[in-house]
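Step one of this worksheet: look at the structure below.
Keep in mind that what you see is a predicted model, and the values were worked out from it rather than measured.
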Amino acid sequence: MSGHAPKSRVATNEPAWVKALIMLAALGFLGFFILLPLAAVFTEALRRGVGAYLEALVEPDALAAVKLTLLVAVIAVPVNVVFGIAAAWAIAKHKFPGKSLLLTLIDLPFSVSPVISGLVYVLLFGAHGLLGPFLREHGIQIVFAVPGLVLATMFITFPFVARELIPLMQAQGVEEEEAAITLGASGWQTFRRVTLPNIRWGLLYGVLLCNARAMGEFGAVSVVSGHIRGETNTMPLHVEILYNEYNFVAAFAVASLLAILALVTLVAKSLLEWRHGAELAATARRH
Amino acid sequence: MAPNWPPLPAAIDGNKPMSINIKNLTKRFGGFAAVDGIDLDIQSGELMALLGPSGSGKTTLLRMIGGLDYADEGTLLIEGQDATLSEPHARRVGFVFQHYALFRHMSVFENVAFGLRVSRRKPKVSEEDIRRRVTNLLELVQLAPLSGRYPNQLSGGQRQRVALARALATEPRVLLLDEPFGALDAKVRKELRRWLRDIHKGMGVTTVFVTHDQEEALELADRVAILNKGRIEQVGTPAEVYDNPASAFVCDFLGGGTRLECVVADGAALIAGARVPVVNQLPPPGPATAYIRAHDIDLAEPGEPGTLSATIRLIQPVGPQLRLDLTLDGRMVEAVLDRHATTTPLSPGQAVSLRLRRANVYGH
């Protein structure tokens, strides 16, 4: 060490030049890998001006992709909210055989490559799949149609709500529910008046993440979509098609919508963390 | 007396306290019997303490009375009616939880109003009645000015009082409290004890509380049931169980004092050869254990017959008391003397004679 260390040095404090170096490295990394691409999306999208940008967005196939993405999210997110609350409630507030198995299964979509999840649905519901003949007889199409997209998205996003709620509900315990029951509340009243209000911010947080993933999912959706323009292309798939056609302005224009969704999600998430951080960190026992 | 008094209004009649009869109640968790065939009768309007160390089954028993756990065997009668398997709301019990279990997202007012809002009784309680009842209860527990606060803005003692008001709001006929003062500091605990007794007296509701604190049980309860390993060791008034502990466990748990080995022979108990007066029934001849409370030891004139010689190790004046640590036959003995009545000068290392005024003796 160079003999002139400051007199009031704290053990956990590094010299200024070390701090600056670490901070610069972190910021540089962030800038290069995240901010630069984000800026590139918008500059590419606006390269030919605002007119061309808006035109690319209202083009019928692009509009169809936006509508389809919204439709998939509108179905998948509420279904996952119901499933997530049910699973978290069962796991956090009850003891039953097979509980750890259920917990592991909930994590499955996190550990499996999305492409494989999509492939599973093709193998199950596709023309040559397990249920293919049955579905064909009854005139039901799942793969290469909207139902397949919804199923694949639900599979990919189902851990988000449950994973957010389980630690929160476990930390809160069952005493408040027991109190409600001794005061004469029915099961439904207990859930609506006690359990649900106690998890509302955690739930909102989970919904936000679930929604972002539902709208942005590419891999699983790509396998089951069939890429029929204007019919089974969600926004991420539409971006890929446009890009492969060297239609950069249109590709980046649609991509910018997804980027805006990501930014809005981030802001909402930060707001939630800032306002209700203690609850979200599952340390809700504030007494 | 006028021959035709109007009948009592339903609300008062329905609110009269209830007796509880427990027969052979058993609850197992896995292979472990938390409550193991308990028989207990609780009188109408009684204040009953369930006293025992942790793991003795007292909380499980309380939860079964409240309908939060169901018995594997045995029956539970409330006012003569079988309630073994009935729903909590049908039992009309109020439950105060150890950690209060206040609804954290509701104000004090809404916490107390909860039971009235979810009531299944017809007709529904009107908003005006709810307001009046909750306000009355909050005045009773002296929290009216804090009705808009949330649980995390209250002190422990205040939360406890909200929990009690909430449990009383539905006019329960049985009030159950799980370690009601466990998490409070000594001063608040003392105040709340007195206050709970007043409320019990005023409302006359049958009350059962669980505690591991023998002083609390003896001070507060009309009768005390002492539990050990899922069974009841003894039931009686505080004076009965303190003066005549039925077993070594009860004696030990109620501040049994010093344990000394003794021998029972010829209808007497001998400690180091000296006869001691025994207050309970003498066990069969052979080796036994004697419990001597610190208050039941006196200093005696040296050489007086029936006394034991001991050596003073430590002298501690505590308020009006003089606490002595003594060695008797190689064993530690605790004695408490009246500081102002003790005129002989004492010092550590000094040899003294002890007279044991009374002992409880239990066979091995």
Checking B:Phe103 against chain A: side chain, backbone, both or neither under 4.5 Å from a heavy atom?
both
With a 4.5 angstrom heavy-atom cut-off, could you sort out which part of B:Arg166 is near chain A: side chain, backbone, both or neither?
both
Does any part of the side chain of B:Phe95, heavy atoms only, come nearer than 4.5 Å to the side chain of A:Ile181, both counted from C-beta?
no
Using modelled atom types only, decide if a donor and an acceptor are shared between the side chain of B:Arg120 and the backbone of A:Gly184 within a distance under 3.5 Å.
yes
With sequence neighbours excluded, give me every salt bridge (Lys or Arg N to Asp or Glu O under 4.0 Å) pair touching residues 181-195 of chain A.
none
More than 12 heavy atoms of other residues, nucleotides or ligands under 6.0 Å from NZ of B:Lys124: yes or no?
yes
Just wondering, are more than 12 heavy atoms of other shown residues or ligands nearer than 6.0 Å to CD in B:Glu191?
yes
Chain B contact via A:Thr190 - which portion, at a heavy-atom distance below 4.5 Å:
neither
Hey, what do you get for CD (A:Glu178) to CG (B:Asp69), rounding to the nearest 0.5 Å?
7.5 Å
Counting heavy atoms not belonging to A:Lys93, are there more than 12 under 6.0 Å from its NZ?
yes
From B:His105 atom NE2 to A:Ile199 atom CD1, the distance as rounded to the nearest 0.5 Å:
11.0 Å
Is the CZ atom of A:Phe29 crowded by more than 12 outside heavy atoms at less than 6.0 Å?
no
Nearest atoms (heavy-atom pairs only) where B:Phe97 meets A:Ala179:
CE1-CA, 3.4 Å
Please give me the minimum heavy-atom distance between A:Thr182 and B:Leu68, naming the atom from each residue.
CG2-CD2, 3.8 Å
A:Asn198 CG to B:Met106 CE distance, which is reported to the nearest 0.5 Å:
8.0 Å
Report yes if some heavy atom in the side chain of A:Gln189 is under 4.5 Å from a heavy atom in the side chain of B:Arg117; otherwise report no.
no
Supply the atom-to-atom distance B:Tyr100 OH to A:Glu176 CD, rounded to the nearest 0.5 angstrom.
14.5 Å
